[in-house]
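Dropping the structure in here first, questions after.
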Amino acid sequence: MKELLYNAAKETGINLSDIQLEKFQIYYELLIETNKVMNLTTITEEHDVVNKHFIDSITLGKYIRLNGGRVIDVGTGAGFPGIPLAIINNDVHFTLMDSLNKRINFLNMVIEKCKLDNIETVHSRAEDLGHNDNYREKFDYCVSRAVANMSVLLEYCIPFIKTGGKFISYKSENAEDEVKQSSSAQQKLGCKFIQTYSFQLPGTDIPRKLYVFEKYRKLGKSYPRQAGKPKKNPL
């Protein structure tokens with residue numbers, strides 16, 4: 001796994017150290033083993049995990065320097081993209097948020113075994129945590145690979161970002177229409193779409209996109225709306 005990951009990362013333009021590769025190896029083994037008893041991912045082949053999870057997560061580092069800031073991963077699931085990003089950015093503090101406590105327990109095990117002291121986990125829904133003063137507007141960046149409509153994702157994620165901070169949405173397909181349709185959400189939430197980064201996963205024809213939004217003003221107290229509303233009735 002290490003050689004495969006090292007070569008794929010190098011092709012992407014990222015050099016991984018032996019220590020980082022060892023942490024990815026431990027993470028991979030824990031993911032596959034735990035997945036036998038808990039539904040964490042449908043992607044289990046070594047080559048696919050390396051490309052579709054690990055490389056996909058860290059490619060952000062090719063385009064955006066997190067520069068020692070604070071990052072929150074909303075709806076992190078099995079830890080993507082937060083844990084891979086934390087492995088390659090040990091000067092950055094990451095908060096991994098998920099609504100399922102079983103996944104949080106798995107993440108805590110990975111953090112302990114990989115000795116990742118730059119990560120904390122939070123068991124919560126985004127709609128609730130977005131009103132918590134310890135997390136609201138406290139982050140330089142928010143990242144998410146969660147599968148949801150862009151307007152919904154913006155309401156989940158923008159509340160966590162400081163004014164001037166950025167939200168980066170990982171998408172597996174062209175989401176230009178979603179971005180256009182989120183113009184009302186952008187206006188209400190005080191953010192604007194600023195950039196798209198496109199890439200292909202190494203050795204595949206799988207396209208990936210990173211959509212970047214910047215927050216330009218403080219958020220009104222009415223957002224995010226209570227749990228369930230953003231998804232049922234997008235802005």
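Here the structure is a predicted model, which is why all the values come from computation and not from measurement.
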Quick check for you: to the nearest 0.5 Å, what is the distance between K192 atom NZ and E214 atom CD?
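CD of E214 is found 5.5 Å from NZ of K192.
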Mind checking the CG-CD1 spacing from L235 to I158? Nearest 0.5 Å is all I need.
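Interatomic distance, L235 CG to I158 CD1, rounded to 0.5 Å: 11.0 Å.
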Backbone of Q20 reached by a side-chain donor or acceptor of S17 within 3.5 Å
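Judged by distance alone, yes, a pair lies under 3.5 Å.
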Taking every non-hydrogen atom, the tightest pair across R136 and L219:
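That closest heavy-atom pairing would be NH2-O, 3.5 Å.
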Describe, in one word, how the ring planes of F54 and F80 are oriented to each other, choosing from parallel (under 30°), tilted (30 to 60°) and perpendicular (over 60°).
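Rings of F54 and F80: tilted, as their planes differ by 30° to 60°.
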N108 side chain near I111 side chain, heavy-atom distance below 4.5 Å:
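Yes. Closest side-chain heavy atoms under 4.5 Å.
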Let me know which of L201, I55, N51, I58 forms a side chain to side chain contact (heavy atoms under 4.5 Å, CB included) with T12.
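For T12, the side chain to side chain contact (heavy atoms under 4.5 Å, CB included) test succeeds with only one of L201, I55, N51, I58, which is I55.
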Side-chain heavy atoms under 4.5 angstrom apart, residues restricted to Ile, Leu, Val, Met, Phe, Trp, Tyr: same cluster for I26 and M38?
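Shared cluster, yes.
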Nearest atoms (heavy-atom pairs only) where Y27 meets P84
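Shortest heavy-atom separation between Y27 and P84 comes out as CE2-CD, 3.9 Å.
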Is there a continuous path of hydrophobic side-chain contacts, each under 4.5 Å between heavy atoms, that joins F139 to I119?
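F139 does not cluster with I119.
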Cationic N near anionic O, under 4.0 Å, E29 to K113:
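Between K113 and E29 there is no salt bridge, as every charged N stays at least 4.0 Å from the carboxylate O atoms.
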Hydrophobic clustering (ILVMFWY, side-chain heavy atoms < 4.5 Å, transitive) - are L154 and Y216 grouped together?
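Per the 4.5 Å side-chain linkage, Y216 and L154 are not co-clustered.
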Using a strict threshold of under 4.0 Å (side-chain N to carboxylate O), is an ion pair present between E137 and K162?
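Judged by the 4.0 Å cut-off on N to carboxylate O distance, K162 and E137 do not form a salt bridge.
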When you measure from the side chain of D140 to the backbone of R70, do you find a donor-acceptor pair of N or O atoms at a distance under 3.5 Å?
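Between the backbone of R70 and the side chain of D140 there is a qualifying donor-acceptor contact (under 3.5 Å).
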Does the side chain of R145 reach to within under 4.5 Å of the side chain of D56, using non-hydrogen atoms?
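They are in side-chain contact.
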Please name the pair of heavy atoms, one in A9 and one in L16, separated by the smallest distance, quoted to 0.1 Å.
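Taking A9 first and L16 second, the nearest heavy atoms are CB-CD1, 3.7 Å.
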Would the distance check show the side chain of N118 and the main-chain N or O of V92 forming a donor-acceptor pair, the cut-off being under 3.5 Å?
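Confirmed, N118 side chain pairs with V92 backbone.
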How far does SG of C157 sit from CZ of F167, to the nearest 0.5 angstrom?
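Here the interatomic distance stands at 4.0 Å.
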Checking the side chain of H131 only, and the main-chain atoms of P224 only, is there a donor and an acceptor separated by less than 3.5 Å?
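Checking the backbone N and O of P224 against the side chain of H131, a donor-acceptor pair under 3.5 Å is found.
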Inter-residue atom distance Q200.CD - R208.CZ, 0.5 Å rounding:
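One gets 12.0 Å once the value is rounded to the nearest 0.5 Å.
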Y63 and ring pair (Phe, Tyr, Trp, His ring centres under 6.0 Å): which single residue from Y170, Y211, Y197 fits?
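Among the candidates, only Y197 passes.
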Within a reach of under 6.0 Å around CZ of R225, are more than 12 heavy atoms found that belong to other residues, nucleotides or ligands?
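Buried by this count: over 12 neighbours within 6.0 Å.
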Any luck finding a side-chain donor-acceptor pair between S198 and K209 under 3.5 Å?
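Yes, a side-chain donor-acceptor pair sits under 3.5 Å.
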Given the rule that I, L, V, M, F, W and Y join up when any side-chain heavy atoms are under 4.5 Å apart, are V74 and V110 in one cluster?
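Different clusters: V74 never reaches V110 through Ile, Leu, Val, Met, Phe, Trp or Tyr contacts under 4.5 Å.
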Heavy-atom count around Q187 CD within 6.0 Å, excluding the residue itself: above 12?
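Not more than 12 within 6.0 Å, no.
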Under a 4.5 Å side-chain heavy-atom rule over Ile, Leu, Val, Met, Phe, Trp and Tyr, are Y156 and F94 clustered together?
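In one cluster with Y156: F94, no.
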Please report the closest heavy-atom contact between Q25 and K2, naming both atoms and the distance.
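That closest heavy-atom pairing would be OE1-CG, 3.6 Å.
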Looking at D91, I want to see if its CG is surrounded by more than 12 non-hydrogen atoms of other residues, nucleotides or ligands under 6.0 Å.
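Atom CG in D91 is packed in, count exceeds 12.
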Check: H93 side chain, V71 main-chain N or O, donor-acceptor pair, under 3.5 Å:
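Checking the backbone N and O of V71 against the side chain of H93, no donor-acceptor pair under 3.5 Å is found.
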With the side chain counted from C-beta on, respond yes when L66 and L60 share a heavy-atom pair under 4.5 Å apart, and no when they do not.
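Side-chain contact under 4.5 Å: yes.
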